[in-house]
Trainee: 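Dumping the structure here so I can ask a few things about it.
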Amino acid sequence: MYNLIDGKKLAQEMREEIRLGVEEFTKKNGREIGLAVVLVGQDPASQVYVRNKIKACAEVGIKSYAKYLSAESTQAEVEGLVKELSSDKNIDGILVQLPLPKHLDADKILRLIPTDKDVDGFSEENTGKLSMNEDCLVACTPNGVMKMLERYGIEIKGKKAVVIGRSNIVGKPMAMLLLNADATVTVCHSKTRDLKEECLRADILVSAIGKSKFVTADMVKEGAVVIDVGMNRDENGKLCGDVDFENVKDKCSYITPVPGGVGPMTITMLMYNTLQSALRRKI
């Protein structure tokens, strides 16, 4: 019988803990914690994400600074705004909502965010520190997965972990976090040979490739922990993950659903990172 990892419930519990941490910080330091969110253009999905982030800030007591720029904004205008926010002492975290309009150089803009305000955990310095197992701000989604494993008492040390996907946002930091927690880690991707055999060795299987119901029952070892990071639509337009949940679940010891699994943890970890950033900056 499988155990369902309830990301929604865990996210709520963590948000309450974060709210208390924010409250304590404000009392002690006499100032609010601030998160700036920059949105360039009118991308509908990005607008939803930004709204959700602002709502989460309100829930935990973080002051949000939403900055909206038109899709026609120049590189210099966006860079100017990020530099302005970087020097603002009231702002502890800066997030530039991706994707940016095609004429903008996103990498150049993101590099302007100071490491200690990089609450997305995407900067070269934070990524480098993660690879060296040093204290840093960690990408929200993989960090949320680690919190799930931790809160559900799932042993990582000495286990075989397989991560499907090698993106800089999820796959690579996920592999690093599992490695830092003493798992033996294999990263699989589109060029991997014998993918099924690799997956069948996994005690912990994390899928982050964005392919609807890609992971099938014959790819999962009996008793494995399956973490589904995917957010896709099936043939009927219904929200689903990378894992064929209905057919895979009975082989698992633990499994995350979609929706209600990893998703709610991502924005929660953004709030967590913003609090950590404020505590680190000590301003």
Trainee: What are the two closest heavy atoms between S167 and P173, and how far apart are they?
Mentor: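 Looks like O-CD, 3.8 Å.
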Trainee: Answer whether the closest heavy-atom distance between the side chains of Y254 and I154 falls below 4.5 Å.
Mentor: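 The answer is yes, as the side chains (C-beta and beyond) meet within the 4.5 Å cut-off.
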Trainee: Checking S277 side chain against N273 main chain: does a donor-acceptor pair fall under 3.5 Å?
Mentor: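 No; judged by distance alone, with no hydrogens or angles, the pair does not exist.
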Trainee: Please confirm whether the backbone N or O of S253 pairs with a side-chain atom of N3, one donor and one acceptor, at under 3.5 Å?
Mentor: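 Answer holds: yes.
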Trainee: Between R111 and E124, does at least one N-O distance fall below 4.0 Å, as a salt bridge requires?
Mentor: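 Yes, this pair counts.
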Trainee: Looking only at heavy atoms, what is the nearest atom pair of C199 and L205, with distance?
Mentor: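 Taking every non-hydrogen atom into account, SG-CD1, 4.0 Å.
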Trainee: If you count every heavy atom of other residues, nucleotides or ligands that lies below 6.0 Å from Y65 atom OH, does the total exceed 12?
Mentor: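 Check passes, neighbour count above 12.
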Trainee: What are the two closest heavy atoms between A56 and R15, and how far apart are they?
Mentor: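 Taking A56 first and R15 second, the nearest heavy atoms are CB-NH1, 3.6 Å.
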Trainee: Salt-bridge test for K117 and D92: reply yes if a basic N is under 4.0 Å from a carboxylate O, no otherwise.
Mentor: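 Salt bridge flag = no for D92 with K117.
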Trainee: Which residue in the set D203, L177, I204, D182 passes side-chain contact (heavy atoms from CB on, under 4.5 Å) when paired with I156?
Mentor: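 The residue from D203, L177, I204, D182 that satisfies side-chain contact (heavy atoms from CB on, under 4.5 Å) with I156 turns out to be I204.
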Trainee: Can you tell if the side chain of V225 reaches within under 4.5 Å of the side chain of L149, non-hydrogen atoms only?
Mentor: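 Touching, per the 4.5 Å side-chain cut-off.
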Trainee: Please give me the minimum heavy-atom distance between E198 and C188, naming the atom from each residue.
Mentor: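 That closest heavy-atom pairing would be CB-SG, 3.8 Å.
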Trainee: Going only through I, L, V, M, F, W and Y residues with side-chain contacts under 4.5 Å, is there a path from V206 to F245?
Mentor: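 Looking at the clustering, F245 is in a separate group from V206.
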Trainee: Do I255 and V145 sit in one hydrophobic cluster, given that two such residues count as connected whenever their side-chain heavy atoms are within less than 4.5 Å of each other, even indirectly?
Mentor: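 No.
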Trainee: Taking the basic N atoms (NZ, or NE/NH1/NH2) and the acidic carboxylate oxygens, is any pair closer than 4.0 Å for E155 and K159?
Mentor: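 Salt bridge: no.
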Trainee: Look only at the side chain of T256 and the backbone of D228, and say whether a donor-acceptor pair between them is shorter than 3.5 Å.
Mentor: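 Yes, T256 side chain to D228 backbone: donor-acceptor pair under 3.5 Å.
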Trainee: Measure from the side-chain N and O atoms of S86 to the backbone N and O of V82, and report whether any donor-acceptor pair falls under 3.5 Å.
Mentor: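 Side chain of S86 to backbone of V82: a pair is present.
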Trainee: For the backbone of G210 and the side chain of D242, can you confirm whether one donor and one acceptor N or O come within less than 3.5 Å of each other?
Mentor: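 Yes.
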Trainee: Counting only heavy atoms not in E77, do more than 12 fall under 6.0 Å of its CD?
Mentor: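 More than 12 within 6.0 Å, yes.
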Trainee: Tell me if a side-chain donor or acceptor on D244 pairs with a main-chain N or O of V248 at a distance below 3.5 Å.
Mentor: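 A pair under 3.5 Å: no.
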Trainee: Under the side-chain contact (heavy atoms from CB on, under 4.5 Å) test, which residues partner D250, sequence neighbours left out?
Mentor: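 Partners of D250 by the side-chain contact (heavy atoms from CB on, under 4.5 Å) criterion, ordered by chain and then number, come out as Y2.
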Trainee: Taking atom CE of M14 as the centre, does the number of heavy atoms from other residues, nucleotides or ligands within less than 6.0 Å exceed 12?
Mentor: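 Yes.
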Trainee: Would you say the side chains of Q12 and E16 form a donor-acceptor pair under 3.5 Å?
Mentor: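 Per modelled atom types, Q12 and E16 side chains form no pair under 3.5 Å.
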Trainee: When you measure from the side chain of D118 to the backbone of P114, do you find a donor-acceptor pair of N or O atoms at a distance under 3.5 Å?
Mentor: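 A pair under 3.5 Å: no.
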Trainee: Ignoring hydrogens and angles, tell me if any N or O in the side chain of N232 forms a donor-acceptor pair with the backbone of G241 under 3.5 Å.
Mentor: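 Flag set: sc N232 to bb G241 pair under 3.5 Å.
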Trainee: Where the side chain of N236 meets the backbone of K238, is there a donor-acceptor pair that is under 3.5 Å apart?
Mentor: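 No, because the side chain of N236 does not come within donor-acceptor range (under 3.5 Å) of the backbone of K238.
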Trainee: Search all heavy atoms of K251 against all heavy atoms of V220 and return the closest pair with its distance.
Mentor: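 The pair with the smallest heavy-atom distance is NZ-O, 2.8 Å.
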Trainee: Any ion pair linking R281 and D116 (charged N to carboxylate O, less than 4.0 Å)?
Mentor: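 Here D116 pairs with R281 in a salt bridge, since their nearest N and O are under 4.0 Å apart.
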Trainee: Are L112 and L39 in one and the same hydrophobic cluster, where Ile, Leu, Val, Met, Phe, Trp and Tyr link if side-chain heavy atoms are under 4.5 Å apart?
Mentor: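 No, separate clusters.
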Trainee: Treating N180 as the side-chain partner and L130 as the backbone partner, does any N or O pair qualify as donor plus acceptor under 3.5 Å?
Mentor: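 Pair found, side chain donor or acceptor close to backbone of L130.
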Trainee: Could you check whether atom NZ of K221 has more than 12 heavy atoms from other residues, nucleotides or ligands sitting under 6.0 Å from it?
Mentor: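 More than 12 heavy atoms, drawn from other residues, nucleotides or ligands, come within 6.0 Å of this atom.
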Trainee: Applying salt bridge (charged side-chain N to carboxylate O under 4.0 Å, His left out), can you list everything that pairs with K172, at least two apart in sequence or on another chain?
Mentor: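 Counting only residues at least two positions away or on another chain, K172 forms no salt bridge (charged side-chain N to carboxylate O under 4.0 Å, His left out).
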Trainee: Please report the closest heavy-atom contact between G121 and T127, naming both atoms and the distance.
Mentor: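 Heavy atoms only, the tightest pair is O-OG1, 4.0 Å.
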